[in-house]
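I have placed the structure first, in the form of structure tokens, so that the comments after it can refer back to it.
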Amino acid sequence: MLKTKSSKNSTNLRAIYCGVREENNMRPIFTIHAGEFLVGEYIEKNFPTLNVWIPSKDTGTDFLVTNKKDSSKSVAIQVKMSRDYKPSHAKDEFSRKLLAGGWLTLAHDKIEKSPADYWVFILVSHERKMKPKYIIIPPSKLLNLLVNIHGKSNSYHFYPWVLNTGIALHGRGLLKSEKEKIATESYTLGERDLSIYLENWAPLEKISNP
């Protein structure tokens with residue numbers, strides 16, 4: 001059950017809409033976007049000992065996840081979802097291995113000042129041939145990665161890509177020749193490597209223990 005902290009009683013979310021009945025109509029309290037719903041649903045399904053709380057106002061985090069028996073064990077999450085920008089027709093080996101290619105524009109100060117413990121990026125292939133892929137990364141690590149690759153800027157174009165080999169990477173600025181080497185696993189990703197954050201739900205596993 002997704003819950004809101006706006007009242008003493010937990011509020012059940014139906015689909016991605018929450019409201020109060022006003023005569024014969026529903027007046028919206030707040031809505032959550034599809035990415036937030038997917039993350040909330042995933043956590044509830046895979047971590048039954050945790051509660052997923054939704055802030056009743058904008059706090060800079062989308063979810064506060066707590067242990068049901070010990071609310072002091074908590075993780076704050078910011079959710080980002082990208083539609084798939086992968087070419088519809090693969091023309092080379094790299095494109096054939098690319099499961100999903102995201103693209104988001106991220107503000108430096110939003111990352112730097114984020115109160116969230118982790119940012120969760122959701123990638124969904126446009127053919128719907130795979131389950132959503134999740135990249136779970138601390139905002140400090142994300143900012144270091146972007147600054148080290150592109151230099152400090154007011155905003156960054158972030159390309160979270162996932163390959164069918166289990167590799168996740170930031171693809172912004174890669175040359176064609178570099179993509180060819182990545183496809184043959186003869187290229188060192190270095191700062192671009194996001195693989196350790198792919199499907200890494202360890203922060204929630206840690207707080208799910210009694």
Side-chain angles (χ1 to χ4, degrees), residues 1-21 26-83 100 102 104 106-124 130-146 158 160 162 168 170 194-210:
M1 180 188 297
L2 301 180
K3 303 176 177 73
T4 174
K5 286 282 194 179
S6 60
S7 66
K8 292 182 179 179
N9 297 321
S10 300
T11 302
N12 200 358
L13 283 183
R14 300 298 182 184
I16 58 171
Y17 182 90
C18 181
V20 295
R21 188 165 296 283
M26 289 294 290
R27 177 171 58 85
I29 299 175
F30 55 83
T31 58
I32 62 174
H33 64 64
E36 292 168 355
F37 181 75
L38 286 173
V39 171
E41 184 180 51
Y42 181 93
I43 294 172
E44 289 192 327
K45 180 179 179 180
N46 293 277
F47 298 94
T49 62
L50 300 181
N51 278 327
V52 182
W53 299 94
I54 303 170
S56 59
K57 61 181 180 180
D58 187 4
T59 61
T61 62
D62 293 314
F63 292 135
L64 179 66
V65 184
T66 63
N67 185 291
K68 288 182 178 180
K69 294 183 178 181
D70 183 359
S71 61
S72 68
K73 297 179 179 180
S74 65
V75 171
I77 291 175
Q78 178 75 25
V79 177
K80 299 290 183 182
M81 182 175 181
S82 171
R83 74 178 181 87
L104 304 99
L106 306 176
H108 181 102
D109 64 335
K110 292 289 186 181
I111 308 173
E112 187 175 44
K113 298 176 183 178
S114 175
D117 298 307
Y118 295 89
W119 282 29
V120 178
F121 293 92
I122 310 171
L123 304 177
V124 182
M130 70 170 196
K131 293 180 180 180
K133 298 294 184 182
Y134 301 93
I135 294 173
I136 304 99
I137 183 171
S140 59
K141 297 288 187 182
L142 174 65
L143 188 60
N144 287 340
L145 176 153
L146 293 170
F158 181 50
V162 176
H170 168 46
L194 297 171
S195 302
I196 62 171
Y197 305 112
L198 181 63
E199 310 293 349
N200 186 356
W201 294 99
L204 297 192
E205 292 170 358
K206 183 177 180 179
I207 68 167
S208 66
N209 296 325

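Values below: all heavy atoms of this structure, side chains included; hydrogens, waters and symmetry mates excluded.
- Between the E41 side chain and the L38 main chain, no donor and acceptor come within less than 3.5 Å of each other.
- Checked against side-chain hydrogen bond (donor to acceptor under 3.5 Å, both in side chains), Y42 has the following partners two or more places apart in sequence or in another chain: W201.
- A search for side-chain hydrogen bond (donor to acceptor under 3.5 Å, both in side chains) contacts involving N46 returns nothing, not counting sequence neighbours.
- For T49, the side chain to side chain contact (heavy atoms under 4.5 Å, CB included) criterion is met by S208, not counting sequence neighbours.
- Residues P132 and I122 come closest through the heavy atom pair CB-CG2, 4.0 Å.
- Scanning for side chain to side chain contact (heavy atoms under 4.5 Å, CB included) contacts around A116 gives T61, Q78, S114, W119, with sequence neighbours left out.
- With hydrogens and angles ignored, the 3.5 Å screen pairs a side-chain donor or acceptor of D117 with a backbone N or O of A76.
- With rounding to the nearest 0.5 Å, the separation of OG1 in T59 from CG in L64 is 8.5 Å.
- With sequence neighbours excluded, the residues that form a side chain to side chain contact (heavy atoms under 4.5 Å, CB included) with L104 are K80, S82, L106, F121, F158, P160.
- K141 pairs by the side chain to side chain contact (heavy atoms under 4.5 Å, CB included) definition with I137, P138, Y197, not counting sequence neighbours.
- Each of V65, L204, I207 was scored for a side-chain contact (heavy atoms from CB on, under 4.5 Å) with F47, with one residue passing: L204.
- Of all heavy-atom pairs spanning V75 and P203, the tightest one is CG2-O, 3.9 Å.
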